[in-house]
Structures are given as C-alpha cells and as structure tokens.
Amino acid sequence: MANSYNLKRKTVLVTGASGQIGQTLVLSLLKNGAYVYGVDVVPVIDPKFKKLIASYIRRFSYMPADITSERKIKAMLRALKRPVDVLINCAGVGVYTPFEKRTEDELDYVMNTNLKGTILMSKALSREMVKRKKGTIINFGSVYGVTTPDFRIYGDSKRNSSEIYGATKAGIIHFTKYLAVYLAKHGITVNAVSPGGVFRSQAESFVKNYEYKTPLGRMATPEDLVGAILFLASDDARYITGQNLVVDGGFTLW
Ligand SMILES: NC(=O)c1ccc[n+]([C@@H]2O[C@H](COP(=O)([O-])OP(=O)(O)OC[C@H]3O[C@@H](n4cnc5c(N)ncnc54)[C@H](O)[C@@H]3O)[C@@H](O)[C@H]2O)c1
C-alpha cells in the first residue's frame, strides 16, 4: 500500500504480528514511516515477508511474547527501547469444532488469547500512555462480534465459526467502548476494527457462499483492512474514540 498516512513520528506495537493480517499490517505501517514492534509467540517464517521487511530492518523489532501472561508482557515491555504511541491488539484465535463438543481447554484458549490478552496488553501499554497524556489503542473485533454466523454458508466444511469466538469478539467491542471512556481524560483514544472473512484458500463452496452473502461480492484481503487501521492510528482520527469500524464489504448489512 502506498504512503497514505504520515506515521513517521509514531512507534506502533502490533500483537499477532506474524499472522496473516499482522504481517501485512506491519509492512504497511513500515511503508508509512512508523517504527514497529511486532509481538507474537512465533517469529515470521514466510520467506517473502521476511525479505520485504529486511529493507525496513532499522525500524522493525520482533518482540517474542505470550500476551496471555502478564509476567511475559512485562518482561517484553522492559526490553522496549522507545515509548509506544499506538497499540494494535491484532492477536486472536478461534476454534471450529461444534458447540456440542466444546471443551474447557478450547474455551480457555480463545478467552485467554482474545479477551484476557487484549485487556492485559491494553492495561500494560496504557500505563505509559497515561503518563505521556497521549496514545491510541486499536482492538480487533470481527463481523462475528457484531452478528451471528449464517451456518448455511459453511455447508459440510466442518469449520463453523464458534460461539466462543463470537462471544469474545463481542466482548472486545464492548471493552473498546469501556476503555475509550475510561482513558478519555488522559487524551487516549480507543477504537476497534471488525474485519469480514479474509480469503485464505478456504473450501471452494464456502468461498462461493460467502461471496454471495457479501454485497461487494468477494472475501477480504489483508490489504483491504489496512487503510482503516492506518487511519485510526494516524492523527487524522484524533477525535474518534469508542467506535467499531466494520470492514466487511457489506457482509453485516443483510
Ligand atoms: N482472518 C479473518 O478472516 C478474520 C476475520 C475477522 C477478524 N479477524 C481477526 O483478525 C486478527 C488477526 O487474524 P489473522 O487472520 O491474521 O490470524 P492468524 O492466525 O493468521 O494470526 C494470529 C497471530 O496471533 C498470534 N498469537 C496467537 N496467540 C498469541 C499469544 N498468546 N500471544 C501472542 N501472539 C499470539 C499467532 O501466533 C498468529 O501469528 C484476529 O484477532 C482475528 O480474530 C480475522
């Protein structure tokens, strides 16, 4: 993506930086001039992305950390060399087994990563933002935090989006509103971005059904999401807080 927003003086920390959306986001932030800390439990392995990022290596640091552990978050923060202006809570996970088969481990896994991780990271990073009287937090919701899946589009793929995924994403959208109000007096803005389904070589029948249900007629690409996030990370969004920006090609309109 071209340089659409001037993020030159911004330090941005992105969780889930090694994931499908995280990688594209990191690259776009670097292209727009930001210094980027990429946090993840695993490093990037995609050789294409590693090569692209190599030309920005002076403005990118990979910080290994598990966001479900406050102790590990604190250790990671101690290693940061510069204060963070923008926190992007992108790390998130799902489970796809049927509701009847839900296990406690699956519930813990999704709740801990999506909700606890987002809350712990926001708590840890906002401490410094409060002292500096400025900062921006962007959380990742989902269309399934806004509306429920239409199970008919999944056919026999056995990969239904789960109740716990949607519940945690709805929780993130609420947490975003709560935190926006709580931190407003410190000059900190908090918003959410809720993407629609991103194409990732899913079953052909599912993709066809998803496209049929989407007014713009296709699934998202990670690049489709970047503009909304760069905007919310930029000073142009300084008077926007507590909002959930749905980037879904109209999927939630029907
Ligand atoms: N892909 C989609 O269709 C879609 C749609 C709506 C919302 N989202 C949301 O977008 C965000 C990114 O999704 P994605 O498709 O890139 O997923 P992804 O699985 O490709 O990437 C998620 C990344 O988070 C990291 N991660 C998981 N647990 C972690 C932990 N405890 N600590 C640190 N890092 C951890 C993973 O290692 C991975 O690199 C998620 O919050 C997801 O729920 C995705």
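Atoms within a ligand are numbered from 1 in the order they appear, just like the ligands themselves. Scope of the values below: all heavy atoms of this structure, side chains included, with no hydrogens, waters or symmetry mates.
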Item to check | Ring geometry between Y182 and Y178 (parallel below 30°, tilted from 30 to 60°, perpendicular above 60°) | outcome: parallel
Checklist outcome for this item: Per-atom filter on ligand 1: closer than 4.0 angstrom to a heavy atom of P195 are 5 (C), 6 (C), 7 (C)
Checklist outcome for this item: So the atoms of ligand 1 within less than 4.0 Å of a heavy atom of F140 turn out to be 9 (C), 10 (O), 11 (C), 41 (O)
Quick check on [X] - does any of its heavy atoms sit under 4.0 Å from an atom of ligand 1?
X	result
C90	yes
G196	yes
S194	no
A65	yes
K169	yes

Does any N or O atom in [X] lie less than 3.5 angstrom from one in ligand 1, N or O only?
X	value
I67	yes
T113	no
G19	yes

Next on the checklist: Going by side chain to side chain donor-acceptor pair (under 3.5 Å), name the residues that satisfy it together with E163, two or more places apart in sequence or in a different chain.
Outcome noted: R102
